[in-house]
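Each residue takes its place number in the sequence, starting with 1. Bear in mind the structure is a predicted one, so any value in this text is a computation, not a measurement.
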Amino acid sequence: MVPYLFVLAPIVLLVTFTYVPVANMFFYSVTDWDGLDRVKNFVGLANYVDVFTEPDNLRVFVVSLYYLGASFVQMALALYFATILSFRVRLKNLWKGILFFPYLINGVAIGLIFLNFIRPGGGLDSALLAVGLESVIRQWTGDPEVINYTLAAVSVWRYMGLNFVMFLGAIASVPGEIYEAAELDGANRWHQFRHLILPAIKPIVGLSFILAISGSLSVFEVPYIMTNGGNGSETFVIRTIKMAFENNKVGLASAMAVVLLAIVLVVTWIQRRLVPEERVDLT
């Protein structure tokens, strides 16, 4: 019984703080609970219908597409820098630190930093004026046409370090002797990337793809701090929180949370089907 007693404590914590809240979330999603009333009226799938029919609720999915596109840009940049720094480069460790450092900064701090950087007359506008690009200057968080591009760009800067470290660690798992053998066979850097690096990091690329989908729907800190969801920048999570704590629609907010969970699970299942895990033999 001793091993089971040691396992009992984490199981109790897991059930108490994970499975019970998730079960409650499913229950709330089929009620009209406002978060305060003791009475929770059963409404069936009405909340789920509202999630996919209300124009304001559907708009957050469109906003998520900006972050999804930014996630693929972020993955491409991270893979590029990870590949470059996996070879012999001067000041390699310095560049690694520079690329990974933004991921270590708190999201609230990043929001405040960029809020001052892109404000009218701020650092970005001054830099554009200095190089003669005053025609490019916009109201970066005040113009609905560019605000989501601005926030998505901030997201790329912040999270690229995570993908960079993941890709770099996967590339480091490829033995150096294989690169030497490839060079002797006349393979250039592109051939090494295509036939050695890319197959080796295939599982990590799949994981990054899943994180890109879930991350594009769960963006919160930066847009909340910089715009509070204004000017058409409201994300899925911001909308969910406002529904629960400002509009007192906990039932609808719970349904939105369930939809987010379902999307992540479906995307994960599709990714596993399309790109199943397999052992990579580079020899």
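Between W33 and Y28, the ring-plane angle classifies as tilted under the 30° and 60° cut-offs. Taking the six-membered ring for Trp and thresholds of 30 and 60 degrees, F114 and W157 have ring planes more than 60 degrees apart, a perpendicular arrangement.
Closest approach of A170 to I204, counting heavy atoms only: CB-CG1, 3.7 Å. The nearest pair of heavy atoms linking M75 to V205 is CE-O, 4.1 Å. When all heavy atoms of F167 and A82 are compared, the closest pair comes out as CB-CB, 3.7 Å. Contact between S208 and M166 at its shortest, heavy atoms only, is OG-CE, 3.8 Å. For the residue pair V237 and S218, the shortest heavy atom distance occurs at CG2-CA, 3.3 Å. The minimum heavy-atom distance linking S86 with T83 is given by the pair OG-O, 2.5 Å.
Counting non-hydrogen atoms of other residues, nucleotides and ligands closer than 6.0 Å to CZ of F72 gives a total above 12. Within 6.0 Å of atom CZ in F61, more than 12 heavy atoms from other residues, nucleotides or ligands are found, so the atom counts as buried in its surroundings. Counting non-hydrogen atoms of other residues, nucleotides and ligands closer than 6.0 Å to CD of E145 gives a total of 12 or fewer.
Looking only at side-chain heavy atoms (C-beta outward), F209 and V267 come within less than 4.5 Å of each other. Contact of the V43 side chain with the D32 side chain is registered, since non-hydrogen atoms from C-beta on lie closer than 4.5 Å. At least one side-chain heavy atom of V20 sits less than 4.5 Å from a side-chain heavy atom of V15. At a threshold of 4.5 Å between non-hydrogen side-chain atoms, the residues N106 and I110 do not count as touching. Residues V250 and L36 are not in side-chain contact: their nearest non-hydrogen atoms beyond the backbone lie 4.5 Å or more apart.
The pair E221-R158 counts as a salt bridge, with a side-chain nitrogen and a carboxylate oxygen less than 4.0 angstrom apart.
Tracing side-chain contacts under 4.5 Å through hydrophobic residues (I, L, V, M, F, W, Y), one never reaches Y159 starting from Y224; they form parts of separate clusters. The hydrophobic cluster containing L162 also contains V73, counting ILVMFWY residues as joined when their side-chain heavy atoms lie under 4.5 angstrom apart, directly or transitively. The cluster map of Ile, Leu, Val, Met, Phe, Trp and Tyr, joined by side-chain heavy atoms under 4.5 Å apart, puts Y80 and L99 in the same cluster. A continuous path of hydrophobic side-chain contacts links M160 to I171 [ILVMFWY only; heavy atoms under 4.5 Å]. With hydrophobic clusters built from ILVMFWY side chains whose heavy atoms lie under 4.5 angstrom apart, L261 does not share a cluster with I238.
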Full working for side chain to side chain contact (heavy atoms under 4.5 Å, CB included) between E134 and L128:
CA-CA 6 Å; E134 59 272 7; L128 293 174; over 6 Å; no
Verdict with reasoning, I147 to W140, per side chain to side chain contact (heavy atoms under 4.5 Å, CB included)
CA-CA 6 Å; I147 185 172; W140 302 108; over 6 Å; no
May I have the step-by-step check of side chain to side chain contact (heavy atoms under 4.5 Å, CB included) for V63 and E234, ending in yes or no?
CA-CA 7 Å; V63 174; E234 190 175 49; 5.9 Å; no
Worked verdict on W269 versus L265 for side chain to side chain contact (heavy atoms under 4.5 Å, CB included):
CA-CA 6 Å; W269 180 82; L265 292 177; over 6 Å; no
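Atoms CD1 and CZ, from I84 and F193 in turn, are 10.0 Å apart once rounded to the nearest 0.5 Å. Note that CZ of F42 and OG1 of T31 are 9.5 Å apart. Values are rounded to the nearest 0.5 Å. Put simply, CG on L252 and OH on Y48 are 10.5 Å apart, with the number rounded to the nearest 0.5 Å. Rounding to the nearest 0.5 angstrom, the gap separating the CG atom in L45 from the CG atom in D50 is 11.0 Å. Atom NZ of K242 and atom CG of N247 lie 9.0 Å apart (nearest 0.5 Å). In this structure, CD1 on I118 lies 14.0 Å from CZ on R138, to the nearest 0.5 angstrom.
Side chain of S155 to backbone of L151: no donor-acceptor contact under 3.5 angstrom is found. Without hydrogens or angle criteria, D37 side chain to V39 main chain gives a donor-acceptor distance under 3.5 Å. In this structure, the side chain of N231 engages the main chain of T141 through a donor-acceptor pair within 3.5 Å.
Between the side chains of S29 and N47, no donor N or O sits under 3.5 Å from an acceptor N or O. Using a 3.5 Å distance cut-off with no hydrogens or angles, the side chains of T227 and S233 do pair a donor with an acceptor.
For the side-chain contact (heavy atoms from CB on, under 4.5 Å) with V259, the lone residue among N57, V51, L217 that qualifies is V51.
Side-chain rings of F100 and F164 stay apart, their centers remaining 6.0 Å or farther from each other.
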